[in-house]
Protein chains: 2
Amino acid sequence: MAGLREQKKAETRKAIIDSSIQLFTEKGFEKTSIEDIAKQAGIGKATVYTYFATKDDIFLTFCSEELEDAFATLQTPRKEDDRVLDQLVDFFMLKFKFVTKNSEFGRQLLREMLFPKKVNNKVKEHNQRYFDILEKLFKSAQDRGELPPAQDLFLLSVHFFSLYLGVLVGWYGGYVASLEEAEEAMRNLFGHVFMGVGL
Amino acid sequence: MAGLREQKKAETRKAIIDSSIQLFTEKGFEKTSIEDIAKQAGIGKATVYTYFATKDDIFLTFCSEELEDAFATLQTPRKEDDRVLDQLVDFFMLKFKFVTKNSEFGRQLLREMLFPKKVNNKVKEHNQRYFDILEKLFKSAQDRGELPPAQDLFLLSVHFFSLYLGVLVGWYGGYVASLEEAEEAMRNLFGHVFMGVGL
DNA sequence: TGATAAACTCGACCGCATTCGAGATTTTAA
DNA sequence: TTAAAATCTCGAATGCGGTCGAGTTTATCA
């Protein structure tokens with residue numbers, strides 16, 4: 001029988017992911033040990049390392065599954081009559097709420113995604129999907145005449161993403177204490193970009 | 001004798017910091033164990049924890065010492081005839097070079113500073129010093145008429161800081177591969193802010 | 001000064017991520 | 001079919017961050 005091993009491996013892998021999702025959700029990342037995961041998945045502790053290089057690696061896979069839900073929300077078409085500024089604030093506040101919903105979870109995720117130990121394609125794919133959504137949003141703003149057609153939309157995406165990061169850092173650093181403050185900061189910062197601050 | 005204990009404590013503390021600086025520099029953060037540090041400082045492992053709460057805490061103190069050097073450079077008066085945009089690029093490129101000089105060091109530092117496990121005053125002080133420099137820079141730009149006097153300078157500092165973060169994330173994510181690319185990205189993003197991208 | 005309190009030190013210990021390596025299982029090929 | 005090669009499994013061992021608590025040193029004050 002050809003694929004016996006392959007099939008088993010796939011099953012075991014799925015068992016590890018499922019167990020991780022359950023335990024991370026129940027007890028959080030740091031409180032869940034590899035042994036817990038192994039036991040829950042019905043395998044030996046060392047076997048986990050055949051499938052995932054490190055605990056962080058499992059975490060990122062866990063996040064992928066979680067983030068799928070977020071995408072569903074993020075991709076629902078924005079209200080068309082909103083200004084692009086409002087759409088952007090909506091978009092990033094959704095991300096913001098998702099990431100900060102569980103503080104420990106968000107911190108871990110951000111550390112891994114933004115400053116990974118080595119360049120990580122899983123992360124790149126995620127970012128690409130976000131940037132695609134943003135570019136679509138900007139394109140339709142151009143069609144409505146809210147944005148000049150000459151803008152480099154990727155760079156613009158990076159710009160707003162950076163501002164979103166800034167607000168997140170403010171949150172984790174204790175400068176931004178509530179969702180309201182976060183939204184206000186975003187709106188002000190985003191405003192700069194459209195109006196410019198020069199003379 | 002009154003200050004005997006105080007004095008000893010100060011000496012021990014200094015011994016820990018010196019040992020840490022030496023070992024972190026020699027072998028890197030992750031390869032240096034608390035036991036290494038203790039041995040090098042001539043004390044017991046557990047004693048280290050009388051002076052520093054966690055290994056991360058030692059790391060941040062280590063960084064403070066390192067960052068002092070950076071401040072010396074950052075505070076040399078910018079060339080007065082530069083445009084504020086050039087001054088900003090200079091300023092943030094210096095920070096950028098400093099942080100990315102040693103990739104592992106920078107990653108660890110950024111993770112701790114930007115997404116700390118709990119709000120950290122040491123970090124806040126650092127940021128305050130940076131923001132002070134930036135605000136001074138903006139003020140003199142206002143005096144020269146390069147910036148309208150009504151701007152909220154703190155928010156403006158946050159804005160540029162966020163863009164700097166974005167470039168750093170690009171670096172660690174493998175999108176920005178060289179210092180030249182980093183500088184170009186910064187210049188373009190900073191440009192947005194002054195000109196605005198609206199119609 | 002002496003004795004009680006306060007603070008400091010550190011070897012031993014704990015929990016956990018990660019690695020080792022010996023044995024079990026599956027594949028390959030004759 | 002079968003036996004050697006390749007791959008997979010997992011209990012045991014390792015190394016490290018962090019804590020505990022018993023013993024030691026210093027401070028306090030009658």
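Chain letters run A, B, ... following the sequence lines, proteins first and then strands; every chain starts at 1.
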Contact under 4.0 Å: B:K55 side-chain N or O vs D:dG18 OP1/OP2: no
For B:K31, is there an ion pair with B:D36 - N to carboxylate O distance below 4.0 angstrom? no
hbond_proxy B:K45 side chain to D:dG17 base (donor-acceptor, 3.5 Å cutoff): yes
Spacing of A:E11 atom CD relative to D:dT9 atom P, expressed in whole Å: 12 Å
Would you kindly give the CG-to-C1' distance between B:D36 and D:dG18, to the nearest whole Å? 16 Å
B:D56 CG to D:dC16 C1', straight-line distance once rounded to whole Å: 14 Å
Give the rounded distance in Å between these two atoms: CZ of B:F29 and P of D:dG17. 8 Å
B:K9 NZ - D:dT25 P separation (whole Å): 18 Å
Taking CD1 from A:I58 and P from C:dC16, how many angstroms apart are they, rounded to a whole number? 15 Å
Could you tell me how far apart A:E35 (CD) and C:dA17 (P) are, to the nearest whole angstrom? 9 Å
Validate the cation-pi geometry between A:K101 and A:F96: distance from NZ or CZ to the six-membered ring centre under 6.0 Å, angle to the ring axis within 45°. no
Between A:R129 and A:E125, does any NZ, NE, NH1 or NH2 come within less than 4.0 Å of an OD or OE carboxylate oxygen? no
On the 0 to 90° scale, with breaks at 30° and 60°, tag the A:F91-A:Y130 ring pair as parallel, tilted or perpendicular. perpendicular
Touch class at under 4.0 angstrom, heavy-atom based, for B:T47 against every strand present: base
What does A:F52 touch in the nucleic acid at a heavy-atom separation under 4.0 angstrom: a base, only the sugar-phosphate, or nothing? nothing
Give the rounded distance in Å between these two atoms: CD of A:Q7 and P of C:dT25. 18 Å
Given D:dT26, is OP1 or OP2 found less than 4.0 Å from the side-chain N or O atoms of B:K8? yes
Charged tip of A:K55 within 45° of A:F29 ring normal and under 6.0 Å: yes
Looking at A:T50, I'd like to know whether one of its side-chain N or O atoms comes within less than 4.0 Å of OP1 or OP2 on D:dC8. no
For a quick test of reading the model: is some side-chain N or O of A:Y49 closer than 4.0 Å to OP1 or OP2 of D:dC10? no
Of the candidates D:dT9, D:dG17, D:dG11, the side chain of A:A46 sits closest to D:dG11
